[in-house]
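Here is the structure we will look at, set down as structure tokens.
Not measured: the values here are computed from a predicted model.
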Amino acid sequence: MAIRSLKSGTFSRSGMVGNPVIMPGSYESIATASPSGSTSFTFSSIPSTYSHLQIRYMGVSSYPLISSNLGTGTKSHSLYGYGSGSAAYAWDPLAGGMYVAIDGSSGNVSSGIIDIFDYANTSKNKTFMALHGRETNTSDSSIHFASGFWNSTSAITSITITNNVAGSVAFGTGTSFALYGVN
Amino acid sequence: MAKTYTPITRTAITSPTASVTFSSIPQTYTDLVLIVSANGSRASLGGDIRCQLNSDTGANYSYTMIQGLGSSVWNERASSQTYANMANNIGIPGSVDYTPTMMNFMNYSNTTTNKTILTRHSGVVNGNIQARITLWSSTAAISTIYLWNEAGGTNNFNPGTTFTLYGIKAA
């Protein structure tokens, strides 16, 4: 464990030989991807040293799905609203992966945040929650909550994002994803 | 790995204040996160948090929102607004209720795409919970965030309201 100075607030290496330096409350950038022109990409060899993962992105162009080394997922849930009406909808989609958004973007007008909880814990099934929005200044806009789980206690070591269920639509120009680790 | 989620600045309201401005925002991060804990002066509902970016007063803001209030859930949207409405029904005056709002300004410093803001908010006193996507139709990098309590500055943010701005940088 790290040692924090009460006087200076700074952290120093553990006195135990071989222990990694762990900064409580840290949030670290792990990797980025710019998959424009591709239909999917993978964050692989994810370190197991964090408590949770967060993916932040912008500019997807279809209906992105999340899968991992644990497979395409076991169950997912969605709550969403379209700009074309006042009704809200719920859906439990599962098709080749779990949707993190049910509505894509025709340009760089969408963004989202995906949280993956206790991804390295080998005593729990793995879960995620996501918030995605697409705003076009027209009624063709949407806001979307999603969640899902893998019925597996294995650690997540890789995450794949596919742009749509058919895998036939490429991510649009300017699409970017960033993976972070949270302690 | 590079550590990030860095505090940039924090504003704590100590006397009734109509607006708050974050200017000269560093352009060295990927995303901004603004966390607001707010209480307002409007008698019954505290007020709404409104926003303009880079002093842009044009009709360049729009949003789509899903909201729960009591047992009801619905969505609503607005196009071509002259400001962005970010949160409804903040804490009411005379109370110690401060409502939470988290705004994510995605890829705020790039100069090739329009800007989106993902916001979660709960006016907990009135029982609402909101998630919102806001579009600022501009490719300019965000360098200034101007926030005010609705009604043209006739309402205030009350003492105890805080605004904390963080920067997140991708590797």
Side-chain angles (χ1 to χ4, degrees), chain A residues 23 25-34 47 49-50 54-59 79-90 101 103 105 107-113 130-145 172-183, chain B residues 1-7 29-33 59-69 72-81 84 102-108 110-121 129-139 166-171:
Chain A
M23 296 299 198
S26 67
Y27 184 102
E28 296 182 350
S29 176
I30 299 174
T32 60
S34 300
T49 50
Y50 303 99
Q54 185 173 80
I55 298 172
R56 304 172 69 90
Y57 65 89
M58 65 167 290
L79 171 67
Y80 56 99
Y82 288 115
S84 56
S86 61
Y89 303 91
D103 205 5
S105 161
N108 293 295
V109 291
S110 69
S111 55
I113 300 169
L131 174 63
H132 169 88
R134 180 179 70 112
E135 174 56 43
T136 66
N137 196 37
T138 73
S139 61
D140 184 21
S141 300
S142 63
I143 183 82
H144 178 234
F145 285 112
T173 301
T175 300
S176 63
F177 285 77
L179 175 66
Y180 300 92
V182 184
N183 277 317
Chain B
M1 304 297 176
K3 292 191 177 301
T4 185
Y5 216 126
T6 306
Y29 300 99
T30 306
D31 301 331
L32 298 174
V33 178
N60 296 315
Y61 305 88
S62 58
Y63 74 87
T64 298
M65 175 181 73
I66 190 167
Q67 173 171 250
L69 178 62
S72 299
V73 59
W74 72 95
N75 49 281
E76 66 180 53
R77 62 161 290 98
S79 299
S80 302
Q81 303 290 294
M102 176 182 279
M103 307 176 198
N104 295 272
F105 297 79
M106 309 298 282
N107 283 64
Y108 75 103
N110 89 82
T111 56
T112 58
T113 70
N114 291 330
K115 303 301 178 296
T116 52
I117 309 161
L118 275 170
T119 302
R120 289 185 293 154
H121 166 77
I129 184 167
Q130 302 175 335
R132 184 185 312 246
I133 177 74
T134 300
L135 175 69
W136 180 41
S137 297
S138 172
T139 59
Y166 299 88
I168 295 177
K169 183 173 178 56

What part of [X] lies closer than 4.5 angstrom to a heavy atom of chain B: side chain, backbone, both or neither?
X        : answer
A:Thr32  : side chain
A:Ile113 : both
A:Ser176 : side chain
A:Tyr89  : neither
A:Tyr50  : side chain

So which atom in [X] and which in [Y] form the shortest heavy-atom distance, rounded to 0.1 Å?
X        : Y        : value
A:Ser110 : B:Thr116 : N-CG2, 4.0 Å
B:Lys169 : A:Ser29  : O-CB, 3.5 Å
B:Asn75  : A:Gly81  : OD1-CA, 3.5 Å

Non-hydrogen atoms of chain A under 4.5 Å away: do they reach the side chain of B:Arg120, the backbone, both or neither?
side chain

Is the shortest heavy-atom distance from the side chain of A:Phe145 to the side chain of B:Ile66 under 4.5 Å?
yes

Pairwise side-chain contact, B:Thr64 with A:Ser142, heavy-atom cut-off 4.5 Å (strictly under):
no

[atom2] on [Y] to [atom1] on [X], rounded to 0.5 Å:
X        : Y        : atom1 : atom2 : value
A:Ser139 : B:Arg77  : OG    : CZ    : 6.5 Å
B:Gln130 : A:Ile143 : CD    : CD1   : 11.0 Å
B:Met65  : A:Glu135 : CE    : CD    : 12.0 Å
A:Ser111 : B:Leu135 : OG    : CG    : 9.5 Å
A:His132 : B:Leu118 : NE2   : CG    : 8.5 Å
B:Asp31  : A:Tyr180 : CG    : OH    : 5.5 Å

Specify which of [options] makes the most heavy-atom pairs with chain A at under 4.5 Å.
options                                : value
B:Thr134, B:Asn107, B:Asn110, B:Ile117 : B:Asn107
B:Asn60, B:Thr6, B:Asn104              : B:Asn104
B:Ile168, B:Thr30, B:Val73             : B:Ile168

Considering only heavy atoms and a distance below 4.5 Å, find which of A:Val182, A:Thr138, A:Asn137 pairs most often with chain B.
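Max contact count across the listed options: A:Asn137.
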
Please determine, among A:Ala31, A:Ala178, A:Ala88, A:Gly181, the option with the most heavy-atom pairs under 4.5 Å with chain B.
A:Ala88

